[in-house]
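This report refers to the structure that appears directly beneath it.
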Amino acid sequence: MPSSTATVSGLLDTIAPVGRDGATGGYRRPVFSHPELELREWFVAEAGRRGLGVEIDRNGIIWAWWGEPMPGALVTGSHLDSVPGGGAFDGPLGVVSALVAIDRMRERGVVPSRSLAVVVFPEEEGSRFGVACLGSRLLTGLLTPDAARRLTDRDGNTLADVFAGAGVDPEHLGPDPEALARIGQFVELHVEQGRGLIDLAAPIAIGSSILGHGRWKATVTGQGNHAGTTLMNDRADPVVAAAAIVGLISELARARDDARATVGRFEPQPGGTNVIASHVDFWIDVRHPDDSVTRGLVDQIAVEAAALAASYGCDARIAEESWSPTVGFDPALGRALAELVPGAPVLRSGAGHDAGILAARVPSAMLFVRNPSGISHSPEEFVERSDADDSADVLADVLAGLL
Ligand code: HGY
Ligand code: MN
Ligand code: MN
């Protein structure tokens, strides 16, 4: 069997230049873009170097098998796509750590009692087509193939065309019960995207749950016009209305303990310097541990945004684009991980993951690796080389203990 002396930090170094913006240090690796396709090819090559059997399923999920594909296998992995301007670890750490964990298990002479697979899910971030965890949602049937095929990216490319261009037949997208049955248990390792482990001075944690979170598209419509010939009192400027609504959203979220609301994408149309916009599209990410609070907050935003827009002579509408309820990981699997990673604290995740989608269908768990910056979805996301390398040893302990 091939062996490898690779390290997590060393493998991350090899992919560090892929999709990196030299000016900001942030990453742009949208699903099936050149950089992400390059990473997918790199992963397939690394899996091949380890003698793993690689297949890409109907939804574009890559499966690298140690042993024959079989129902009830032990599965680990994560994603390779990034948010715009994202960090180097969100996704790739879990994929790379899984490859090196296999190396470590082989060095220890581990003989799996069942097959193990490393998976790479496409479009976990939902940054290109707007739906988070798109690959795992298609796999589990949470997202219908028709709804998926209708999605378009910012340049108007349809998901169907982009997937076809990447060699994934859009006509075959859809629930895959056979593939899902192959997942006996799923364990995802991921960089921690907050300060939990810094404050606990611990290198790795076990995940307990993921906050419910959703995305809503807001459209504020006004009257497009000329910047020079339109007096201020004659305007129905949707940018001014939308800016006031963004402030309102922040206020309403701050009024609820533990709620989080974010507007990170704001697009006036047509977007000319000397043009009063005709409308503004912006997206709202809302999260809270209690789904009824999230829903209530969004309802309140919709009502108050409409009234505020009207006061500017504009119209505001909000439409849901993606929703993931609060989810707890499998308690029995969590206990098994607690035995295999003694002393590891247990953390709730404010970030969504494919493991959160799978958790509704198969026993799933997560491991989080310390991020000294406590920052994520930003170039400042960071993992010490030693913590990154150690994460593969811990993942090997967990996988070997579960095999
Ligand atoms: O948005 C999230 O929570 C995750 O990083 N996709
Ligand atoms: Mn992630
Ligand atoms: Mn992310």
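When a ligand or atom number is given, it counts from 1 through the structure's own listing order.
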* To do: Could you tell me the residue and atom name of the protein heavy atom closest to atom 1 (O) of ligand 1, and the distance to it rounded to 0.1 Å?
  =>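 Result: Arg287 NH2, 2.9 Å.
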* **Contact check: His190 to the Mn ion (ligand 2), N/O/S below 2.8 Å** =>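 Of the N, O and S atoms in His190, at least one lies under 2.8 Å from the Mn ion (ligand 2), which means yes.
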* Any idea which heavy atoms bring Asn371 and Glu381 closest together, and the distance? ->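 For Asn371 and Glu381, the tightest heavy-atom pair comes out as ND2-CG, 4.0 Å.
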* Which N, O or S atom of His79 lies nearest to the Mn ion (ligand 2), by name ->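 Result for His79 and the Mn ion (ligand 2): NE2.
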* To do: Find, among atoms of Asp90 that are N, O or S, the one nearest to the Mn ion (ligand 2), and state its name.
  =>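 Relative to the Mn ion (ligand 2), the closest nitrogen, oxygen or sulfur of Asp90 carries the name OD1.
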Within-cut-off N or O pair, [X] and ligand 1, under 3.5 Å:
{"X": "Arg215", "result": "no"}
{"X": "Gly352", "result": "yes"}
{"X": "Glu125", "result": "yes"}

Do [X] and [Y] have side-chain atoms, one donor and one acceptor, less than 3.5 Å apart?
{"X": "Asp389", "Y": "Ser9", "value": "yes"}
{"X": "Asp290", "Y": "Ser292", "value": "yes"}
{"X": "Glu384", "Y": "Ser386", "value": "no"}
{"X": "Arg137", "Y": "Ser324", "value": "yes"}
{"X": "Asp330", "Y": "Ser364", "value": "no"}

* In sequence, state the C-alpha distance, the side-chain angles, and the governing distance for Arg40 and Phe32, and then conclude on side chain to side chain contact (heavy atoms under 4.5 Å, CB included). => CA-CA 9 Å; Arg40 285 169 64 93; Phe32 293 163; 3.4 Å; yes
* **Atom indices of ligand 1, in the order listed, that fall short of 4.0 Å to a heavy atom of Glu124** =>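 Near Glu124, meaning under 4.0 Å from one of its heavy atoms, ligand 1 has 4 (C), 6 (N).
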* Asked: In ligand 1, which numbered atoms sit nearer than 4.0 Å to a non-hydrogen atom of Ala351?
  ->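 What qualifies from ligand 1 is 3 (O).
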* Asked: Is there a heavy atom of His377 sitting under 4.0 angstrom from any atom of ligand 1?
  ->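 His377 counts as a contact of ligand 1 under the 4.0 Å cut-off.
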* Asked: Mind checking whether His353 has a heavy atom under 4.0 Å from ligand 1?
  ->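 It does not; every heavy atom stays at 4.0 Å or beyond.
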* How many degrees, to 10°, between Glu125 OE2 and His377 NE2 as seen from the Mn ion (ligand 3)? ->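 Approximately 110° at the metal, rounded to tens of degrees.
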* Asked: Are Glu55 and Arg182 ion-paired here, with the side-chain N under 4.0 Å from a carboxylate O?
  ->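 Answer for the salt bridge query: yes.
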